[in-house]
Amino acid sequence: MDIKRRRVLKTAMTGSVALCFAQTRLISSAHAATPQLAGKVEVFGHRGACALRPEHTLASYAKAIVDGADYIEPDLVSTKDGILVARHEANLTETTDVAKRSEFASRRVTKTIDGQTHTGWFVDDFTLAELKSLRAIERLPKVRPDNTRYDGMFQIPTWEEIIDFVAAESATSGRLIGLVPELKHSTYFSSVKLPLEDRFLQTIAEHEYTRRAPLEIQSFETANLKYLRSKLGKREHIRLMQLTAEGQYRPVDVVAAGGKLTFAEMTSAQGLRDIAQYADVVAPPLRAVIPLKADGKLDAPTALVADAHRAGLLVHTWTFRPENRFIAGDFKDGKDENARNVAGSIAEIRRYVEAGVDGFFTDDPAVGRAAL
């Protein structure tokens, strides 16, 4: 990292939570390798514990860790000055108070990212110092009204702050905690001269914790994962995860290159063998593993898990959420669609574990841990 960027980062971090990175040296080298599954199903804290705290805040990650997540997930995007920060997408409108900040009113623009047009405020139009003046808010206030009590409390964390925070939590608890970062909008950020990959690689190389802790790097795109594999090779504590969607959608980088490969083709038996050439994990959406019938209840499992295992891939599915509106019809409890239904979520997770998944993302890691 160049001197100017370090100064920007240091200035922006002033006043944020003090983190004891030096404690990571207390972690035993016996913990250095990624836990091998061997019958263990892993719990991934989706954006932290975003059912209970605003997503991608240190509070959300802390709650996920306390509640037993094996990994916490930061989605990574880039600021105008090239600093990686955690937001689910480039558009800041739904997850920060930027719309109420008059000093940034003129930055509201319309952009096309990953083939979709959005109007709002975008992370790559803000320096880190400017971004640090914003505060996180709950993305789904109608579904998760309790989370709105935390609106305005938390800054947007940088990737480096998250690494330090997880290292400190690991050193404090004596439990190795994995990181499962997603590189978001890689093709878009490359197009605006803010490529993510080399900055990401430099950061994990500079931090003691990410040189030894479990690290699972994910993307819906393919070219960035292939690039990372070429740079990282095979390392015991690092896995690459190919995220997939359902149907005839194509990865954004495939579209940009004029290719025809669809996610449906990628999750065929041959497509999974192709993924295994550069990745260790395939991560399909829940309903690609067990689809829903017309009545909204679970159907029989597809062949995806068995085909992936035959190809040598682990299967980590996404995303379980504890509210009725997100749960299969088999397990709804008749209450309001936005009501928490912990028993139903546990029962649904168990069906997927029975279908052979090796891990899963959940908005509520305590519920995921209870299911196991």
Side-chain angles (χ1 to χ4, degrees), residues 1-19 21 47-48 54-61 74-114 117-139 151-166 179 181-207 210 224:
M1 183 179 292
D2 59 52
I3 293 173
K4 182 179 179 181
R5 189 172 295 131
R6 285 185 182 279
R7 287 174 177 168
V8 170
L9 184 58
K10 182 177 180 181
T11 299
M13 288 174 63
T14 300
S16 64
V17 177
L19 303 172
F21 180 53
R47 310 177 200 173
E55 66 185 48
H56 293 313
T57 60
L58 293 187
S60 186
Y61 299 138
D75 293 325
L76 300 180
V77 294
S78 179
T79 66
K80 183 178 182 179
D81 45 350
I83 306 299
L84 299 183
V85 297
R87 290 290 88 189
H88 176 60
E89 57 194 3
N91 194 337
L92 301 168
T93 309
E94 293 184 345
T95 63
T96 75
D97 62 357
V98 66
K100 297 180 179 180
R101 304 292 292 273
S102 59
E103 66 269 37
F104 298 126
S106 63
R107 305 229 189 143
R108 187 172 184 266
V109 295
T110 298
K111 294 188 180 189
T112 299
I113 299 176
D114 294 356
T117 300
H118 305 271
T119 298
W121 290 262
F122 294 85
V123 65
D124 51 308
D125 292 329
F126 289 75
T127 66
L128 179 63
E130 291 170 332
L131 203 65
K132 282 292 188 178
S133 73
L134 303 178
R135 291 297 181 269
I137 62 173
E138 170 56 37
R139 175 194 288 273
D151 285 359
M153 287 189 181
F154 305 111
Q155 293 183 341
I156 296 172
T158 69
W159 173 221
E160 290 200 281
E161 287 174 329
I162 294 166
I163 295 171
D164 285 357
F165 177 75
V166 173
L179 287 153
E182 180 183 348
L183 300 185
K184 301 288 293 193
H185 311 310
S186 275
T187 295
Y188 168 75
F189 281 112
S190 291
S191 75
V192 295
K193 297 181 172 53
L194 291 168
L196 307 178
E197 291 74 27
D198 287 335
R199 290 182 175 91
F200 175 83
L201 289 169
Q202 183 174 354
T203 302
I204 64 173
E206 289 175 345
H207 284 257
T210 45
N224 54 5

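Note that the numbering runs from 1 along the sequence shown for the chain.
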Could you give the distance from [atom1] ([X]) to [atom2] ([Y]), rounded to the nearest 0.5 Å?
X	Y	atom1	atom2	answer
Asp164	Thr158	CG	OG1	8.0 Å
Leu128	Gln155	CG	CD	9.0 Å
Leu134	Thr96	CG	OG1	5.0 Å
Glu55	Thr95	CD	OG1	6.0 Å
Asp124	Asp81	CG	CG	11.0 Å

Side chains of [X] and [Y], donor plus acceptor under 3.5 Å:
X	Y	result
Ser60	Arg47	no
Arg139	His88	no
Thr112	Thr117	yes
Glu197	Ser186	yes

For the residue pair [X] and [Y], what are the closest heavy atoms and their distance?
X	Y	answer
Tyr61	Gly48	CD2-CA, 3.7 Å
Ile137	Thr93	CD1-O, 4.4 Å
Ser78	Val123	O-CG1, 3.4 Å
Leu194	Lys80	CD2-O, 3.7 Å
Ile156	Lys132	O-NZ, 2.8 Å

Would you check, one step at a time, whether the test side-chain contact (heavy atoms from CB on, under 4.5 Å) holds for Leu76 with Leu196? CA-CA 8 Å; Leu76 300 180; Leu196 307 178; 5.6 Å; no
Can we say Arg101 and Glu130 salt-bridge, meaning some charged N sits less than 4.0 Å from an Asp/Glu carboxylate O? no
NZ/NE/NH1/NH2 to OD/OE distance under 4.0 Å, Asp151 and Lys100: no
Counting N and O atoms only, with roles assigned by atom type, does the side chain of Arg108 sit under 3.5 Å from a partner on the main chain of Thr119, one being a donor and the other an acceptor? no
Check for a donor-acceptor pair, side chain of Arg199 on one end and backbone N or O of Leu84 on the other, with a separation under 3.5 Å. no
Other residues, nucleotides, ligands: >12 heavy atoms within 6.0 Å of Lys111 NZ: yes
Answer yes or no: is there a side-chain heavy-atom contact under 4.5 Å between Pro181 and Trp159? yes
Min side-chain heavy-atom separation Lys184-Arg87 under 4.5 Å: no
Under the side-chain contact (heavy atoms from CB on, under 4.5 Å) rule, what do Phe154 and Leu58 come out as? Steps first, then yes or no, please. CA-CA 8 Å; Phe154 305 111; Leu58 293 187; 5.8 Å; no
Can you list the steps and then say if Leu179 with Ile163 is a side-chain contact (heavy atoms from CB on, under 4.5 Å)? CA-CA 8 Å; Leu179 287 153; Ile163 295 171; 4.3 Å; yes
With sequence neighbours left out, the residues meeting ring pair (Phe, Tyr, Trp, His ring centres under 6.0 Å) with Phe104 are Phe126
Over 60° means perpendicular and under 30° means parallel, so classify the ring planes of Tyr188 and His185, tilted if in between. perpendicular
Let's go through Asp75 and Glu89 carefully: what are the C-alpha distance in whole Å and the side-chain angles of both, what is the deciding distance for side-chain contact (heavy atoms from CB on, under 4.5 Å) to 0.1 Å, and is it a yes or a no? CA-CA 8 Å; Asp75 293 325; Glu89 57 194 3; over 6 Å; no
